[in-house]
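Remarks on the structure that follows.
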Protein chains: 2
Amino acid sequence: MKIVDMRVHSIAMADPPLRSSYGLHAPYALRNVLELESEDGIVGIAETYGGEKPAAALLAARGQVVGADAYRLTGDLLGLVEGEGDGLDRSQTHHVPGENPLDASSRTYAALETACLDLIGRSVGQPVCDLLGGRVRDEVPFSAYPFYKHAGGGGEGDDKREDKYGEALTPEALVRQVRQMFDEYGFGSVKFKGGVLDPEIEIETIRQLRREFGPDVPLRIDPNSAWTVETSIKVGQALKEELSNGGYLEDPAMGIDGMAAVRNGLLAAGIDTPLASNVAVTSFAHIPESVRKDAVQVILCDHHYWGGMRQVQHLAKICQVFGMGLSMHSNSHLGVSLMAMAHVAAATKHLTYACDTHYPWQSEKDEIVAGGRVPIVNGCVRIPDKPGLGVDLDYDQIARGKELFEKVPYRKRDDEAEMRKHVDATWKRVLPRW
Amino acid sequence: MKIVDMRVHSIAMADPPLRSSYGLHAPYALRNVLELESEDGIVGIAETYGGEKPAAALLAARGQVVGADAYRLTGDLLGLVEGEGDGLDRSQTHHVPGENPLDASSRTYAALETACLDLIGRSVGQPVCDLLGGRVRDEVPFSAYPFYKHAGGGGEGDDKREDKYGEALTPEALVRQVRQMFDEYGFGSVKFKGGVLDPEIEIETIRQLRREFGPDVPLRIDPNSAWTVETSIKVGQALKEELSNGGYLEDPAMGIDGMAAVRNGLLAAGIDTPLASNVAVTSFAHIPESVRKDAVQVILCDHHYWGGMRQVQHLAKICQVFGMGLSMHSNSHLGVSLMAMAHVAAATKHLTYACDTHYPWQSEKDEIVAGGRVPIVNGCVRIPDKPGLGVDLDYDQIARGKELFEKVPYRKRDDEAEMRKHVDATWKRVLPRW
């Protein structure tokens, strides 16, 4: 099935002022939407990281894409993710997701693979998950993903969005935020973005979450490397009970050695809370060292930057074989990415945690999926009985997103700059901070 | 695409009296051929291990297969290869391939997956390799696979086959055998089945192969665990030069600890000839220990017993990530298996050696592929420009194979019994022998 055209739409969407150790989310997040059109007029789509560089990388591949067969393009381009030797090394530590130059090629490949799979699925009338070996689940569980945040719903001026969740800079406000998400989406677990306030306040936040939601709701905390090894161990000890029962401590300290030191410290204290990572371990090249040092017991996959859906399936097998869990990372995204995440999760047996998603932070006003936002019911996205990813683009909304993109003055994500602009003119990302 | 029927054909084919540390090949080898028929009358095929047990296992799955969707069956049954925890452990050491009860479920799954992929490929007009992420090569290199053998071409009575290669129980005869295979098939590398004669004779055989074929033809030797650690190290030292340049030493000693001891001994002697395995390491459960002990530097995949084509792709990624090579194991087979092996190899980038194949040992009289034997040219099988596996069944030949199967008095492979019957009435498999 020959690909005859390729289009990349660079769009912006309102994003609330969420905080993390990287800094502050800007009023608009950027995404790129890829379309691959076949000779018989079928269009496969994918959503990926935003801004200029990801778009340019996709367009740079145009010569290899247009004219290629959709079934074979992913084989032709496999060198982008499975190069020999050092081709595996796409380390990152200090970059926000999507801005690490070392995994640029795997991001490009992932978007092309997703669009090819959507195209193939549409042409043969099959959901993407069933092109990947066949689904192992119909419903994919996601987690509530609360953030400390400033007031504001994202966007600026006429494009300001409703602030559904309000400011949340205290434990109590964060618990209210999660309650709101649970009520709206039916989530059954919590992934909480820490690394923002003093660790004592974050410990208290987790404790209040435990009190509010009871012992059966798994709780995870992710300070994105904001803590020293000592602080990480202290928090792990303090939250020994709260993070058990399906929870984990994600990237408390920096790097594989930092994580291994935290692990050793916790084990010495009789605490086996798993450590998860999408900062210390972000590429296949990290895995042997991480395994050797037992640095990480859960890896967060993300087809957007691990090199696509099939690479995530490989990663899942590695995790199963080496006794690690697999969770799924999220970045600010719209419905096309959500569906792609759901399909890869549906086709990945060894996915041992509910997936992360930023979806509740986005507004229906920015949704590019025809018919509006993808439903999350009982915390799950259900694989629809439709071919491909199961969602179509709303081209009016794409046009709207492109207009917004033109208005936005930045072309890449820079949470540190946003922090300086809106919160503290002298703010710098300091790791570890506590 | 609903599966409405499933058929299993148990066939026999003539097999020459090949020797290995397991004993002697019987005059007939057994295979099972699986057909899955869809509601629109398309038939997907697979070839797998022979005899009663594999056929019974496939038929036992009939209730889950008939009525299932070909795109989803492999997801529904994934528990057969990716169970939780101990589901990964399918260890084997003393069983001939296909007769290990612990990997029965992964063999069953593999045959069903292959037939589903063939069915899907036929229905959408795509080769199987392009359903698996897309081919990374069009031509799949195979190796000459010489064996010490007695006189005879396989079969008995009226079904005796021509003895193309003659007796080969000396280095000189084995070199002639390889020359014949090189001339007929254009192979460019040699996988030599040892573990049969005194190691000094096998060393001499490899040396003569090196002299005959020059320095650029990779040479591999596989005594199937017949040697002690000391003998293995001695052979590795003696063949230091001969097994370099793309060669390896396969399963010289028994088990992961035996292989690790050989590795350590060779490294201590300054020899880094890679050790390969399809005896010490035969399931995903073996890999962590093998990696930890650096027991094996090359794993031999085989979709027939590693749980299918996608599991082989996972295995390839594991090998790439952990710095191991990947080769491909073979068992006596016909053209359907050869094509399946070629497709999985075509879709597996990190396949770092030419594949094993027993195909030259089989006769056109037993071939079940319509149009006759699959061509091997310049040592390669070319992926044909046809959907699915690219080969159809010759039903007259299937009927012939079933008749042969009825005549054959045994229902499973037992090389030890054959050895006692034809060569030495007191023979037993002794490991290690030397």
Side-chain angles (χ1 to χ4, degrees), chain A residues 1 68-79 81-85 87-88 113 116-117 120-121 123-127 129-138 283-288 291-292 307-311 313-318 320-324 346-350 352, chain B residues 1 68-79 81-85 87-88 113 116-117 120-121 123-127 129-138 283-288 291-292 307-311 313-318 320-324 346-350 352:
Chain A
M1 187 174 36
D69 184 291
Y71 284 92
R72 293 180 56 174
L73 179 63
T74 43
D76 296 342
L77 298 183
L78 195 58
V81 286
E82 287 202 357
E84 298 306 322
L88 287 166
E113 186 205 49
C116 281
L117 285 165
I120 291 168
S123 86
V124 301
Q126 295 293 333
C129 56
D130 296 329
L131 303 177
L132 294 167
R135 71 188 70 183
V136 292
R137 54 185 72 86
D138 284 311
S283 85
F284 287 102
H286 293 134
I287 295 176
V291 164
R292 209 162 48 241
M309 296 186 179
R310 291 187 180 93
Q311 295 294 319
Q313 292 181 306
H314 297 327
L315 176 62
K317 188 77 190 190
I318 291 174
Q320 187 189 21
V321 168
F322 285 89
M324 293 181 284
T348 302
K349 187 168 170 65
H350 186 71
T352 57
Chain B
M1 187 173 40
D69 184 292
Y71 284 92
R72 293 180 57 173
L73 179 62
T74 44
D76 295 342
L77 298 182
L78 195 58
V81 287
E82 288 202 357
E84 297 306 322
L88 286 166
E113 185 204 51
C116 281
L117 284 165
I120 291 168
S123 86
V124 301
Q126 295 293 333
C129 57
D130 297 328
L131 303 177
L132 294 168
R135 71 189 69 181
V136 292
R137 53 184 73 85
D138 283 311
S283 85
F284 288 101
H286 294 133
I287 296 177
V291 164
R292 209 161 49 240
M309 297 186 178
R310 292 187 179 93
Q311 296 293 319
Q313 292 182 308
H314 297 326
L315 176 62
K317 187 76 190 191
I318 290 175
Q320 188 189 22
V321 169
F322 285 89
M324 293 181 286
T348 302
K349 187 168 170 66
H350 186 72
T352 56

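Order of the sequence lines sets the chain letters (A, B, ...), proteins ahead of strands, with each chain counted from 1. Owing to the predicted nature of the structure, the values given are computational and were not obtained by experimental measurement.
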Selection from [options] maximising heavy-atom pairs under 4.5 Å formed with chain B:
options: A/Val124, A/Asp69, A/Leu315, A/Leu73; answer: A/Val124
options: A/Asp130, A/Leu131, A/Ile318; answer: A/Asp130
options: A/Ala70, A/Ala316, A/Gly75; answer: A/Gly75

Lys/Arg-Asp/Glu bridge criterion (N-O < 4.0 Å) met for A/Asp138, B/Arg72: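 Yes, charged N to carboxylate O under 4.0 Å.
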Chain A contact via B/Leu132 - which portion, at a heavy-atom distance below 4.5 Å: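 The backbone, not the side chain.
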Segment of B/Met309 engaging chain A (4.5 angstrom heavy-atom cut-off):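 Neither the backbone nor the side chain of B/Met309 comes within 4.5 Å of chain A.
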Whether B/Phe322 and A/Phe322 hold their rings parallel, tilted or perpendicular, with breakpoints at 30° and 60°: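 Plane angle under 30°, so parallel.
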Beyond-backbone contact of A/Gln313 with B/Arg310, side-chain heavy atoms, under 4.5 angstrom: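 Answer no - side chains too far apart.
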Flag side-chain contact, heavy atom, 4.5 Å: A/Lys317 against B/Lys317: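 Heavy-atom side-chain distance check fails, nothing below 4.5 Å.
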Minimum heavy-atom distance between B/His314 and A/His314, given as atom pair plus value: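 Smallest heavy-atom distance, with atoms named: ND1-ND1, 2.9 Å.
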Taking every non-hydrogen atom, the tightest pair across B/Thr74 and A/Gly134: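 Heavy atoms only, the tightest pair is OG1-N, 4.3 Å.
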Distance (rounded to the nearest 0.5 Å) between A/Leu78 CG and B/His350 NE2: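 It comes to 12.0 Å.
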